[in-house]
Colleague: 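Got a structure for you, written out below as structure tokens; questions coming shortly.
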Amino acid sequence: MEWLQLIKSWGFTQQSETHNNVVYSNQLQKALLKQFVAEFSSSWKSEFSLHLDEEPILSLPSEGVLVTNTLDLCNEIIVVKIEIKKSRMISPTLLSDFNIHIFSHVDLLIRNLSSLSFTKLEQCIFKKISQPAYIIIYDQPEFSSSVINGFIAIGDIKILNTSFEDYEKKFKLIRNKIKERNENIRWNREISLLPPDVYYFNDGASNELSEFLNRIAGQMCVTFTALNTEYSDEEQGYSSTFSGLKQTRFQLVMPDVCEKEHIDKLYSLYEWAYSEKTSDKVGLIQNIINLHIKEENNPTLEPLFNNIFEIFEMVKENYRVYIQKSVKSYLDERKQVEDFIRTTSNEISKQISGITDIVTKNLFGLLATAITAVIGFNKPENQAYIPWILYVYSFFSISLAIYFTTLANANKKAIVEVYNKRIIDYKKIFLEDRIDQITGNSVQQQIMIFKRYLHWTIWPSITISLIACLIGLKFHGVFKWLYNECPLIIEKVINFFT
């Protein structure tokens, strides 16, 4: 950063800093001020504020013509302050697309973040809730090596050259964890909308800020596995309760000595709990912590971190026992699923058979009607009844087709709704890919066959009935009457409009 090296070469030091602005100050001889302002303007290439002694603030370069007049009012040795907006260091496009935070030193940022609740912390870092964050520490050499976890990138100004891979997909996945959290954990206030994943850094490289965020992730892992979490305005902090044979309560205060490996193990426990069957796993974690931690009220998380390795192994071992005892129940549930699929498939097959029966009866009815018409046609006294026979056949044939088609379709819809609801329930017991293997595609195939039969049978049946009706109209002489009357009707219409 050329401008930073320039002001340091002129002897400027940082005087103050906020989230948006930073001020550098020094004492310069009046004769050198214009040279410094020219060099800094050329290097900074954007707007900045210039403070000269106690004179009014100048906004440069737009008010550059006022520098000479202001100098006349100053002492020979001038207290010079340069105030710059940190957002001017990067392009507006990046500012609109990502969450970007810029600080000269990390101390101020950590001080600001350490007093925030989880809710305010994520509002500060992730103002755009589904966009990753760049945190730039531009004046500390140790931040020249970047650290990134998929949601937050930490480093100097060059970190902006680092891109986030599939961050939209990652934010979508962590929203599922929040949904699981809301179903299994009670949280009274200051609820986080993001899980520990966004603050956890597992890469080998680290710095002061990534270590701070890892401690935040460790605290959040506790809240995501506890029975309930409460926030106290008075203490400005959280407490989490684990329930089992007794209730074990922890204030979410990190111990003075907290190794990275302890946080890693706690995060592994959280990640395992939210991988699948979250409700069962969280309940098991709570019971094991209750058995392993003797004190019911703990002012810090130190007892939990000291025992996290033993707790992790006990949880995994007890879960294996739980799975073994559930094998018989699993097989019984699987058989119920298979029976349910078979029953559903048969029910849809019955609806297909019902439609086929109606069409078959309609065809036999047509045959009987045709034979009656042929026999009656040879007797002059019966010919007047033939059209009415065809009308009656057509009416009942179409009415039956529409009625039974609507009934079969409604039955099929009801069967499919019950099927879908039951499958959703079974997915809570079986893994999603496993339930797909058990159910197969027999029901879907029957639904497709039903739709094909619906179109291939009903519509031809209705068409044949309409043809029979048209034949009846022909016997009645309707077409001949229309042929003779149409010219007269057309002529009357023309005369009416003219």
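Because the structure is predicted, anything quoted here is derived from the model rather than measured. Below, each value reflects all heavy atoms present in this structure, side chains not excepted, and no hydrogens, waters or symmetry copies.
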Colleague: So, the side chain of Asn228 versus the backbone of Trp187: is there a donor-acceptor pair under 3.5 Å, distance only?
Modeller: no
Colleague: Looking at Phe171, Phe201, Tyr167, Phe164, which one forms a ring-ring contact (aromatic ring centres under 6.0 Å, His included) with Phe151?
Modeller: Phe171
Colleague: Count the heavy atoms belonging to other residues, nucleotides or ligands that lie under 6.0 Å from NZ of Lys246, then report whether that count exceeds 12.
Modeller: yes
Colleague: Tell me yes or no: between the side chains of Lys281 and Ser275, is some donor less than 3.5 Å from an acceptor?
Modeller: yes
Colleague: Are the aromatic ring centres of Tyr319 and Trp272 under 6.0 angstrom apart?
Modeller: yes
Colleague: Would you confirm whether Gln236, through its side chain, and Asp233, through its main-chain N or O, come within 3.5 Å as a donor-acceptor pair?
Modeller: yes
Colleague: Under a 3.5 Å distance rule, please check whether Thr119 uses its side chain to pair with a backbone N or O of Glu190 as donor and acceptor.
Modeller: yes
Colleague: Please determine, by modelled atom types, if Asn207 and Glu142 share a side-chain donor-acceptor pair under 3.5 angstrom.
Modeller: no
Colleague: Please find the pair of heavy atoms, one from Gln27 and one from Val79, that lie closest to each other, and give the distance.
Modeller: NE2-CG2, 4.0 Å
Colleague: Do Ser9 side-chain atoms and Leu6 backbone N/O form a donor-acceptor pair below 3.5 Å?
Modeller: yes
Colleague: Check side chain to side chain donor-acceptor pair (under 3.5 Å) between Glu271 and all other residues, then give those that pass, not counting sequence neighbours.
Modeller: none
Colleague: Taking atom OG of Ser145 and atom NZ of Lys158, what is their separation to the nearest 0.5 Å?
Modeller: 10.5 Å
Colleague: Is the side chain of Ser42 donor-acceptor paired with the backbone N or O of Glu39 at a distance under 3.5 Å, no angle test?
Modeller: no
Colleague: Kindly indicate, with the supporting measurements, whether the criterion side chain to side chain contact (heavy atoms under 4.5 Å, CB included) is fulfilled by Ile154 and Leu213.
Modeller: CA-CA 11 Å; Ile154 305 171; Leu213 293 176; 4.1 Å; yes
Colleague: Tyr200 and Asn202: side-chain donor and acceptor closer than 3.5 Å?
Modeller: yes
Colleague: Can you tell me how far the CD1 atom of Ile82 sits from the CZ atom of Phe48, to the nearest 0.5 Å?
Modeller: 5.0 Å
Colleague: Quick one: do the Ser43 and Lys45 side chains pair a donor with an acceptor below 3.5 Å?
Modeller: no
Colleague: Can you name the nearest heavy-atom pair linking Ser144 to Asp156, along with the distance?
Modeller: CA-OD2, 3.4 Å
Colleague: Donor-acceptor check, side chain of Asn26 to backbone of Lys81, threshold 3.5 angstrom: yes or no?
Modeller: no
Colleague: Check for a donor-acceptor pair, side chain of Asp139 on one end and backbone N or O of His105 on the other, with a separation under 3.5 Å.
Modeller: no
Colleague: Met89 vs Tyr138, test: side chain to side chain contact (heavy atoms under 4.5 Å, CB included). Steps then yes/no.
Modeller: CA-CA 10 Å; Met89 299 183 191; Tyr138 65 85; 3.6 Å; yes
Colleague: Quick check: does any side chain N or O of Trp44 sit under 3.5 Å from a backbone N or O of Glu47, one acting as donor and the other as acceptor?
Modeller: yes
Colleague: Are side-chain N/O atoms of Tyr274 and Asn184 paired as donor and acceptor at under 3.5 Å?
Modeller: no
Colleague: Side chains of Ser240 and Thr229: donor-acceptor distance under 3.5 Å anywhere?
Modeller: yes
Colleague: Lys86: what forms a salt bridge (charged side-chain N to carboxylate O under 4.0 Å, His left out) with it, not counting sequence neighbours?
Modeller: Glu17
Colleague: Nearest 0.5 angstrom please: Gln123 CD to Ser192 OG, how far?
Modeller: 11.0 Å
Colleague: Do other residues, nucleotides or ligands put more than 12 heavy atoms under 6.0 Å from the CD atom of Gln14?
Modeller: yes
Colleague: Any chance the rings of Phe118 and Tyr231 have centres within less than 6.0 Å?
Modeller: no
Colleague: Quick one: pull up CD in Glu83 and CD1 in Ile57 and give me the separation to the nearest 0.5 Å.
Modeller: 6.5 Å
Colleague: Tell me if the CD atom of Glu295 is crowded by more than 12 foreign heavy atoms within 6.0 Å.
Modeller: no
Colleague: Set out, in order, the CA-CA distance, both residues' side-chain angles and the distance that settles side chain to side chain contact (heavy atoms under 4.5 Å, CB included) for Ile84 and Val22, then state yes or no.
Modeller: CA-CA 6 Å; Ile84 59 176; Val22 60; 3.3 Å; yes
Colleague: Give a yes or no on whether a salt bridge exists between Lys260 and Asp264, defined as a side-chain N under 4.0 angstrom from a carboxylate O.
Modeller: yes
Colleague: May I ask you to check whether Thr241 and Gln247 show a side-chain donor-acceptor distance below 3.5 Å?
Modeller: no
Colleague: Keeping Asp53 on the side-chain end and Cys74 on the backbone end, is there a donor-acceptor pair under 3.5 Å?
Modeller: no
Colleague: Taking the side chain from Thr278 and the backbone from Ala273, do they hold a donor-acceptor pair closer than 3.5 Å?
Modeller: yes
Colleague: Under 6.0 Å between the ring centres of Phe309 and Phe312?
Modeller: no
Colleague: Consider only side-chain N and O atoms of Asp197 and Tyr267, and report whether a donor and an acceptor are under 3.5 Å apart.
Modeller: yes
Colleague: Verify side chain to side chain contact (heavy atoms under 4.5 Å, CB included) between His292 and Met314, making sure each step is shown before the conclusion.
Modeller: CA-CA 9 Å; His292 212 78; Met314 286 180 67; 3.3 Å; yes
Colleague: If you measure from CG on Asn20 to NE2 on His101, what distance do you get to the nearest 0.5 Å?
Modeller: 11.0 Å
Colleague: Roughly how far, to the nearest 0.5 Å, is the CD atom of Glu122 from the OG atom of Ser117?
Modeller: 8.5 Å
